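All heavy atoms count here, side chains included; hydrogens, waters and symmetry mates do not. Quick caveat, the model's predicted, so the values are computed rather than measured.
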Amino acid sequence: MPRSGCSICRERNVRFLQLLYAHDGGFEGDYTRLLEFCGRHHIDAVIVWGLLRAHHGGVESAKRLCDVAAKNGVRLLCGVGLCCYGGVYYEGDSPYSLDFRLQKHPELKAFKASREPLEFGVPVMGDKKFYHACPSRKENQEYIAESLRWLFKNVPLDGVQIESGDTGVCQCKLCKERRRHPTGGFSWEDLALLHPIAIRAVRDVKPEAWICCETYSHPEPHNREEHPEFGDGKPSWADECLAKLPDGVFIQWVDDFLNKRAPKQTWTQAGNLDNKRHRHVLRAHYGTYWNGIRGELAIEEIARMAQQSTAHGADTISLFGEISPFQTGAELNYLALENFGSTANPKADLDVFLRDVAGRCWAAKLKRAIFWNIQS
């Protein structure tokens, strides 16, 4: 689910950083500095949610950031909710803003079982409401394809992360008749319906684009009959759904509940990932608002994520980022993302990181502080 900021990725071993952008001022300056930081620290890709907003400068601003990304050797991807989270144009009076479109065409919205429109808000984002589109309506499926083709024709992006939505599913007659399996906050069957449409549209314009497909799930089998919720294991019908996705895309899995504080999930050999057709991303919200404390130090969790990804077949790890590396915890988390699983630390050894990265980083800062104190 999009949060205001970005996600970072790195290649085998790939690293993604996912970001959401909440405030109004300094968008290009902030993201220029971020892309330069990622280039220096071997972060392969940055995924930005809320990339296209009218008050950010829209398409022209996004194009300039694509130039900055290219100069720094970083891939810039746009986060896109297919039936939620604003669509391609996150905010503004654009025909490619999903929220703007659904306000003009309320008949295309998703509906609850009570027949009320399906919408939601997030306290940290104030009064903003997100609207859902019905995934079964042909008009909405065509709109997804049209929007993504427009995006890649007009902005020189390196790829996209796509999501079908994890804040409720449409319960209209068309959707209930189409689905054969239970639903929760999201639907694997909606993923199987919408993601191939989106992937084909992107590849029509840019065949080499990186396309990351969010599952909201962990790879460990979920052996209960009900649909899993966010971060739970994959249900028995998940592989059937994934088989409908074209070859070569990234499948993104949730790592949030594999850490020492919330060991909700286990990962056995039954959850090993098959790399024959797809690549796999392990992602987490460590050190963010969504995991409890923004900027919290999470290097142990990131080490475990890198170790688990190697052990079970994921070649990419991704971290949500919300604040700059001027904050100590965030800086160490981003440096851990660079180091763990890399050729410098292939086993994601925490002691190696503390000795070779954290120790040297803080030794250099201490020297600078002493120098400035002497000068003053």
So, [X] side chain and [Y] main chain: donor-acceptor pair closer than 3.5 Å or not?
{"X": "H278", "Y": "L245", "value": "yes"}
{"X": "D190", "Y": "S187", "value": "no"}
{"X": "Q307", "Y": "A348", "value": "yes"}
{"X": "N140", "Y": "C134", "value": "yes"}
{"X": "N339", "Y": "L335", "value": "no"}

Distance in Å, [X] [atom1] paired with [Y] [atom2], rounded so as to fall on 0.5 Å steps:
{"X": "R178", "Y": "C172", "atom1": "CZ", "atom2": "SG", "result": "8.0 Å"}
{"X": "K206", "Y": "I211", "atom1": "NZ", "atom2": "CD1", "result": "11.0 Å"}
{"X": "E189", "Y": "W237", "atom1": "CD", "atom2": "CH2", "result": "7.5 Å"}
{"X": "R179", "Y": "K176", "atom1": "CZ", "atom2": "NZ", "result": "9.5 Å"}
{"X": "L82", "Y": "L193", "atom1": "CG", "atom2": "CG", "result": "10.0 Å"}
{"X": "L297", "Y": "Q327", "atom1": "CG", "atom2": "CD", "result": "9.0 Å"}

Q) What pairs meet the ring pair (Phe, Tyr, Trp, His ring centres under 6.0 Å) rule with one or both residues in residues 291-315, with sequence neighbours excluded? A) W267-H312

Should [X] and [Y] count as an ion pair when the cut-off is N to O under 4.0 Å?
{"X": "E119", "Y": "K112", "value": "no"}
{"X": "R64", "Y": "E28", "value": "yes"}
{"X": "R149", "Y": "E146", "value": "no"}
{"X": "D30", "Y": "R33", "value": "yes"}
{"X": "D247", "Y": "K276", "value": "no"}
{"X": "R304", "Y": "D255", "value": "no"}

Q: For S61 and F27, run side-chain contact (heavy atoms from CB on, under 4.5 Å): C-alpha distance rounded to whole Å, both residues' side-chain angles, the deciding distance at 0.1 Å, then the answer.
A: CA-CA 9 Å; S61 180; F27 173 69; 3.5 Å; yes

(Q) If you compare all heavy atoms of I43 against all heavy atoms of V74, which two are closest, and at what distance to 0.1 Å? (A) O-CG2, 3.8 Å

**Q.** Shortest non-hydrogen contact between C83 and S164, atoms and distance
**A.** CB-O, 4.2 Å

Q. Can you name the residues that form a side-chain hydrogen bond (donor to acceptor under 3.5 Å, both in side chains) with E226, not counting sequence neighbours?
A.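 side-chain hydrogen bond (donor to acceptor under 3.5 Å, both in side chains) list for E226, sorted by chain: R224.
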
Q: Name all residues meeting the side-chain hydrogen bond (donor to acceptor under 3.5 Å, both in side chains) criterion together with R200; count only those two or more places apart in sequence or in a different chain, and write none if there are none.
A: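 With neighbours one apart ignored, the set is empty.
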
(Q) Assess the residue pair T268 and E220 against the criterion (side chain to side chain donor-acceptor pair (under 3.5 Å)); give the C-alpha distance rounded to whole Å, side-chain angles, the decisive distance to 0.1 Å, and a yes or no. (A) CA-CA 7 Å; T268 68; E220 183 70 13; 2.7 Å; yes

(Q) Using 30° and 60° as the class boundaries, would you call the ring planes of F37 and H41 parallel, tilted or perpendicular? (A) tilted

Q: Give the ring-plane orientation class for F120 versus F130, where under 30° counts as parallel, over 60° as perpendicular and anything between as tilted.
A: parallel

Q.
Let me check something: do L76 and V88 share a hydrophobic cluster, defined by ILVMFWY side-chain heavy atoms less than 4.5 Å apart, either directly or through other members?
A.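 Same cluster: L76 reaches V88 through Ile, Leu, Val, Met, Phe, Trp or Tyr contacts under 4.5 Å.
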
(Q) Grouping I, L, V, M, F, W and Y whenever their side-chain heavy atoms are under 4.5 Å apart, do V68 and Y334 come out in a common cluster? (A)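 Same cluster.
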
**Q.** Criterion side-chain contact (heavy atoms from CB on, under 4.5 Å) on Y85 and E163, from CA distance to verdict
**A.** CA-CA 9 Å; Y85 302 136; E163 302 195 8; 3.7 Å; yes

Q.
Let's go through V46 and L77 carefully: what are the C-alpha distance in whole Å and the side-chain angles of both, what is the deciding distance for side-chain contact (heavy atoms from CB on, under 4.5 Å) to 0.1 Å, and is it a yes or a no?
A. CA-CA 6 Å; V46 170; L77 284 67; over 6 Å; no

Determine whether [X] and [Y] make a side-chain contact, defined as any pair of heavy atoms from C-beta on separated by less than 4.5 Å.
{"X": "C78", "Y": "I47", "result": "no"}
{"X": "L350", "Y": "F340", "result": "yes"}
{"X": "Y286", "Y": "L319", "result": "yes"}

Q: Quick one: do H218 and W253 satisfy side-chain contact (heavy atoms from CB on, under 4.5 Å)? Show the steps, please.
A: CA-CA 5 Å; H218 184 273; W253 304 93; 5.7 Å; no

Q) Do R101 and Y143 meet the cation-pi criteria used here (NZ or CZ under 6.0 Å from the six-membered ring centre, within 45° of the axis)? A) yes

(Q) Would you say the rings of F186 and H227 are close, in the sense that their centroids are separated by under 6.0 Å? (A)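 Ring centres of F186 and H227 closer than 6.0 Å.
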
Q) Looking at Y90, Y89, W150, which one forms a ring pair (Phe, Tyr, Trp, His ring centres under 6.0 Å) with Y96? A) W150

Establish, from distance only, whether the side-chain atoms of [X] and [Y] form a donor-acceptor pair under 3.5 Å.
{"X": "S97", "Y": "E91", "answer": "no"}
{"X": "H285", "Y": "R283", "answer": "yes"}
{"X": "R355", "Y": "N345", "answer": "no"}
{"X": "W188", "Y": "S217", "answer": "yes"}
{"X": "H280", "Y": "S309", "answer": "no"}

Q) Around atom CD of E225, are there more than 12 heavy atoms of other residues, nucleotides or ligands at under 6.0 Å? A) no

